[in-house]
K.L.:
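Provided herewith is a single structure, encoded as structure tokens, for subsequent inquiry.
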Amino acid sequence: MKDMPQISDSEWIVMKILWSNSLYTSSEIIKSLPKNTNWKPTTVKTLISRLVKKDAVGFKKKNRTYYYYPLVTKDECVKAESKSFLKKVYGGALKPMIANFLEIQELSEKDIEELKCILDKKKD
């Protein structure tokens with residue numbers, strides 16, 4: 001797996017839009033932002049520019065219009081962020097993280113069965 005770019009919280013919002021359709025102009029990205037974002041167009045264009053520099057987003061130019069698309073998948077980014085979180089918060093130790101989440105989160109019987117299946121697959 002190639003080195004994953006560090007993506008800020010604001011950049012994640014833009015990436016989620018691109019992952020939903022994968023070919024947008026900056027105007028389309030602006031229109032697709034959540035209502036509570038209230039970002040100016042220059043802010044969005046700055047975020048897009050940063051993502052291009054980080055090789056998270058590519059672009060195609062057709063006439064005078066730029067079309068942006070993701071160069072990394074959502075799954076790749078989620079895995080990289082998960083590893084980073086685990087290392088930063090739990091020193092890379094998985095058991096304390098899982099124990100902490102299990103203590104604070106209500107689990108249904110279905111959730112517990114799904115977790116058991118995941119763990120059983122890890123044994124194989």
Side-chain angles (χ1 to χ4, degrees):
M1 186 167 89
K2 63 183 175 181
D3 286 340
M4 293 303 298
Q6 293 280 340
I7 298 175
S8 71
D9 291 346
S10 298
E11 292 166 345
W12 266 93
I13 294 170
V14 173
M15 290 302 295
K16 286 180 184 178
I17 292 167
L18 291 171
W19 287 321
S20 71
N21 189 31
S22 85
L23 199 61
Y24 279 98
T25 64
S26 59
S27 298
E28 291 169 332
I29 293 170
I30 292 165
K31 289 177 189 170
S32 300
L33 287 169
K35 300 286 185 237
N36 64 346
T37 311
N38 296 321
W39 291 339
K40 294 183 178 177
T42 54
T43 301
V44 177
K45 289 176 183 176
T46 297
L47 292 170
I48 294 168
S49 176
R50 287 182 192 165
L51 288 165
V52 169
K53 286 179 187 171
K54 292 178 180 184
D55 289 328
V57 170
F59 63 88
K60 295 177 185 177
K61 185 177 179 186
K62 186 174 180 183
N63 299 324
R64 296 180 65 186
T65 305
Y66 286 84
Y67 294 90
Y68 299 95
Y69 57 92
L71 294 174
V72 292
T73 67
K74 184 176 182 178
D75 188 50
E76 290 172 321
C77 287
V78 167
K79 285 179 183 177
E81 285 291 321
S82 297
K83 285 181 182 179
S84 174
F85 174 79
L86 182 63
K87 185 176 180 182
K88 180 174 30 176
V89 177
Y90 293 96
L94 185 61
K95 282 195 310 188
M97 184 195 76
I98 292 172
N100 186 49
F101 281 112
L102 291 175
E103 282 180 27
I104 62 173
Q105 184 67 41
E106 292 284 328
L107 296 175
S108 68
E109 284 294 321
K110 184 179 177 188
D111 292 334
I112 293 168
E113 286 304 315
E114 287 175 6
L115 287 170
K116 283 180 182 178
C117 287
I118 292 168
L119 291 171
D120 286 341
K121 286 180 186 176
K122 279 301 233 187
K123 279 198 272 186
D124 296 336

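Because the structure is predicted, anything quoted here is derived from the model rather than measured.
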K.L.:
What is the minimum heavy-atom distance between Lys54 and Gln6, and which atoms define it?
P.N.:
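Closest approach of Lys54 to Gln6, heavy atoms only: NZ-O, 2.7 Å.
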
K.L.:
Could you name each residue pair satisfying salt bridge (Lys or Arg N to Asp or Glu O under 4.0 Å) that touches residues 15-24, not counting sequence neighbours?
P.N.:
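Qualifying pairs: none.
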
K.L.:
Residues two or more places apart in sequence or in another chain: which of them pass side chain to side chain contact (heavy atoms under 4.5 Å, CB included) with Thr37?
P.N.:
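Once residues adjacent in sequence are excluded, the partners of Thr37 under the side chain to side chain contact (heavy atoms under 4.5 Å, CB included) criterion are Leu33, Pro34, Trp39.
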
K.L.:
Could you tell me which residues satisfy side chain to side chain donor-acceptor pair (under 3.5 Å) with Tyr69, sequence neighbours excluded, listed by chain and number?
P.N.:
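Tyr69: no side chain to side chain donor-acceptor pair (under 3.5 Å) contacts found.
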
K.L.:
Donor-acceptor pairs are to be reported for all side-chain atoms of residues 90-105 against protein atoms at under 3.5 Å, with residues two or more places apart or in another chain.
P.N.:
unit_1, atom_1, unit_2, atom_2, d
Tyr90, OH, Asn100, ND2, 2.8

K.L.:
Sequence neighbours excluded, which residues qualify as salt bridge (charged side-chain N to carboxylate O under 4.0 Å, His left out) partners of Asp9?
P.N.:
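Here no residue qualifies.
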
K.L.:
Tell me every residue that passes side chain to side chain contact (heavy atoms under 4.5 Å, CB included) with Ser20, counting only those two or more places apart in sequence or in another chain.
P.N.:
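Partners of Ser20 under the side chain to side chain contact (heavy atoms under 4.5 Å, CB included) test: Tyr24.
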
K.L.:
Run the salt bridge (charged side-chain N to carboxylate O under 4.0 Å, His left out) test against Lys35 and tell me which residues pass, sequence neighbours left out.
P.N.:
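Result, salt bridge (charged side-chain N to carboxylate O under 4.0 Å, His left out) vs Lys35: none returned.
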
K.L.:
Applying salt bridge (charged side-chain N to carboxylate O under 4.0 Å, His left out), name anything that partners Lys87, two or more places apart in sequence or on another chain.
P.N.:
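Once residues adjacent in sequence are excluded, Lys87 has no partner under the salt bridge (charged side-chain N to carboxylate O under 4.0 Å, His left out) criterion.
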
K.L.:
Is there a donor-acceptor contact under 3.5 Å from the side chain of Trp19 to the main chain of Asp75?
P.N.:
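No: the side chain of Trp19 does not pair with the backbone of Asp75.
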
K.L.:
Applying side chain to side chain contact (heavy atoms under 4.5 Å, CB included), can you list everything that pairs with Ser84, at least two apart in sequence or on another chain?
P.N.:
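By the side chain to side chain contact (heavy atoms under 4.5 Å, CB included) rule, Ser84 matches no residue at all.
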
K.L.:
Can you find a heavy atom in the side chain of Val72 that is under 4.5 Å from one in the side chain of Met15?
P.N.:
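Result yes, sub-4.5 Å side-chain heavy-atom pair found.
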
K.L.:
Can you list the residues that meet the side chain to side chain contact (heavy atoms under 4.5 Å, CB included) rule with Lys45, with sequence neighbours excluded?
P.N.:
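Here the qualifying residues are Ser26.
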
K.L.:
Can you name the ring-ring contact (aromatic ring centres under 6.0 Å, His included) partners of Phe59, sequence neighbours left out?
P.N.:
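Checked Phe59 against ring-ring contact (aromatic ring centres under 6.0 Å, His included); matches are Tyr66.
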
K.L.:
Less than 3.5 Å apart, which donor and acceptor atoms pair up between the side chains of residues 107-114 and the rest of the protein, not counting sequence neighbours?
P.N.:
unit_1, atom_1, unit_2, atom_2, d
Ser108, OG, Lys110, N, 3.4
Ser108, OG, Asp111, N, 3.0
Ser108, OG, Asp111, OD2, 3.2
Asp111, OD2, Ser108, N, 3.1

